[in-house]
2 protein chains.
Amino acid sequence: MTKSKTSANSNDGEGRIRKENMKKILQAAEKVFAANGFRGATTADIADEAGLPKANIHYYFGTKAKLYRTVIDDIVELWLSSFREISEDDDPASTLADYIRAKMELSQNRPEASRVFANELIRGAPRIKPYLSGDLKEWVDHKASIIDKWIEQGKIAPVDSRKLIFHIWAMTQTWADFEVQWSCILGNENGLQQSDYENATNAIITTVLRTCGLLPTPPRVTDIELPITTQL
Amino acid sequence: MTKSKTSANSNDGEGRIRKENMKKILQAAEKVFAANGFRGATTADIADEAGLPKANIHYYFGTKAKLYRTVIDDIVELWLSSFREISEDDDPASTLADYIRAKMELSQNRPEASRVFANELIRGAPRIKPYLSGDLKEWVDHKASIIDKWIEQGKIAPVDSRKLIFHIWAMTQTWADFEVQWSCILGNENGLQQSDYENATNAIITTVLRTCGLLPTPPRVTDIELPITTQL
DNA sequence: ATTAATCTTGACCATTTGGTCAGATTTTGA
DNA sequence: TCAAAATCTGACCAAATGGTCAAGATTAAT
């Protein structure tokens, strides 16, 4: 009735404390799960990383398994939502290049998310198989069908569309998952530089566009369709 | 002095029992470490997998860390030894194709080895950084220099040789590390088929050769050298 | 100011974990 | 055959782990 003083001087939401702490915990959890996998991560580590007592983690999330589940679900949502819709009328070259850039930005800005996911996959995806066979499969099927249409329309060279998608993922995610390997080999033990990501992005775009016959590169090239010739 | 009866009826080595058990344990350890990472793996799991009591594992390897170290070292040795030497006089197309095939065979036949390594890298490679910056960097530097010579000689199109190697690794190893993801998306929840590996191998070879301007594909192509054009 | 709801936290517990050990068993070598 | 060397293993331990809880502290709402 009486206009309560605040309740939200800037409407930053009900349960302010709750929201803030859950966020802190989720960020810490992503980091620790990325670095140790589900079994290797400890709630004590997560609590330390979040700067909260361990009991607090359980107050908000119940069990380690539920916390992990939340982290994974957030990542999946990020994954699926962060790429624009595409259609068969889009320009293949710029669409593919944009997609590769977006994935590389994720690798650079959210490497831990990528690693949590990688950990889960390496273990055989015990807790996300349904998602792989469901939403993710649908997503890939849909994108692949568009690529196939591009091929039919003679817009790009014949390629195995699903494998093209897989290999784009492999090349982009490797820069997050195995960052340490690439930085060591490039002679930078302290991590990759901005320029490394830029070069890598360009290299991947080049590879994918050449694969699709979209870059007038090595020897000159024009746009014709021809039978898929793969064997050496 | 007296010619001892056997000591090895078929010379399968001194310490037969020792050798056999260590092998059993190492195989079990590779599996368990691959599936759980170092911290997530338990010596009890490894013992079960090996069919031996836990104390036996410690009898042969001392600590979990030493066992892990041995597993990693074996994998590194396998890695570095399983590709033939190459020289600038070799034919680029067949050399690259052979290399990709060899890597894919490793992915198919020793997926757990690949996953142990992947686990280690995701964690920031705490125990193998020296190897990454040492032997592995040298290996890559050497191969990259040969690719660069091919470019100079006009045998292949201009490419970023190190990134080419990285991306070959990424594309080939993803079929071991993330097998479950690809099989789910391809609609085969029970794992990949022989034909999947074959198709993937061909897709990767195609991609790499097109990247290097070595496949007369999309639109027809002849073998000329031209300036590096990478930006979209 | 008061009270209900929310949040905080040290202490605690049962289970799991890496690792040890001493005594028993098997293998080896002459 | 027989003793030394190697192997085996159940029982055990201290530390770490996921999780609980009850009592206090803080915040929110009137």
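Computed over heavy atoms, backbone and side chain alike; hydrogens, waters and symmetry mates excluded. The chains referred to below are lettered A, B, ... by the order of the sequence lines, with proteins before strands, and numbering in each begins at 1.
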Answer yes or no: does a side-chain N or O of [X] lie under 4.0 Å from OP1 or OP2 of [N]?
X: Arg18(B); N: dT7(D); value: yes
X: Asn21(B); N: dC8(D); value: yes
X: Arg16(A); N: dA28(D); value: yes
X: Tyr59(B); N: dC8(D); value: no

Expected output: side-chain Asn119(B) to main-chain Ala34(B) donor-acceptor under 3.5 Å: yes
Under 3.5 Å, N/O pairs linking protein and nucleotides 16-18 of chain D:
| unit_1 | atom_1 | unit_2 | atom_2 | d |
| --- | --- | --- | --- | --- |
| dG18(D) | OP1 | Ala41(A) | O | 3.1 |
| dG18(D) | OP1 | Lys64(A) | NZ | 3.0 |
| dG18(D) | OP2 | Thr43(A) | N | 2.9 |
| dG18(D) | OP2 | Thr43(A) | OG1 | 3.0 |
| dG18(D) | N7 | Lys54(A) | NZ | 3.0 |

Short side-chain donor-acceptor distance under 3.5 Å, Tyr68(A) and Glu120(A): yes
Residue pair Ser183(A) / Asn188(A), side-chain donor-acceptor N/O under 3.5 Å: no
Residues forming a side chain to side chain donor-acceptor pair (under 3.5 Å) with Glu198(B), sequence neighbours excluded: Gln194(B)
Close aromatic pair by centroid cut-off 6.0 Å: Trp79(A) and Phe117(A): yes
Terminal axes of the helix from dA1(C)-dT30(D) to dA30(C)-dT1(D) (five pairs each): angle between them, nearest 10 degrees: 30°
Electrostatic pair Arg110(B)-Glu30(B), nearest N-O below 4.0 angstrom: yes
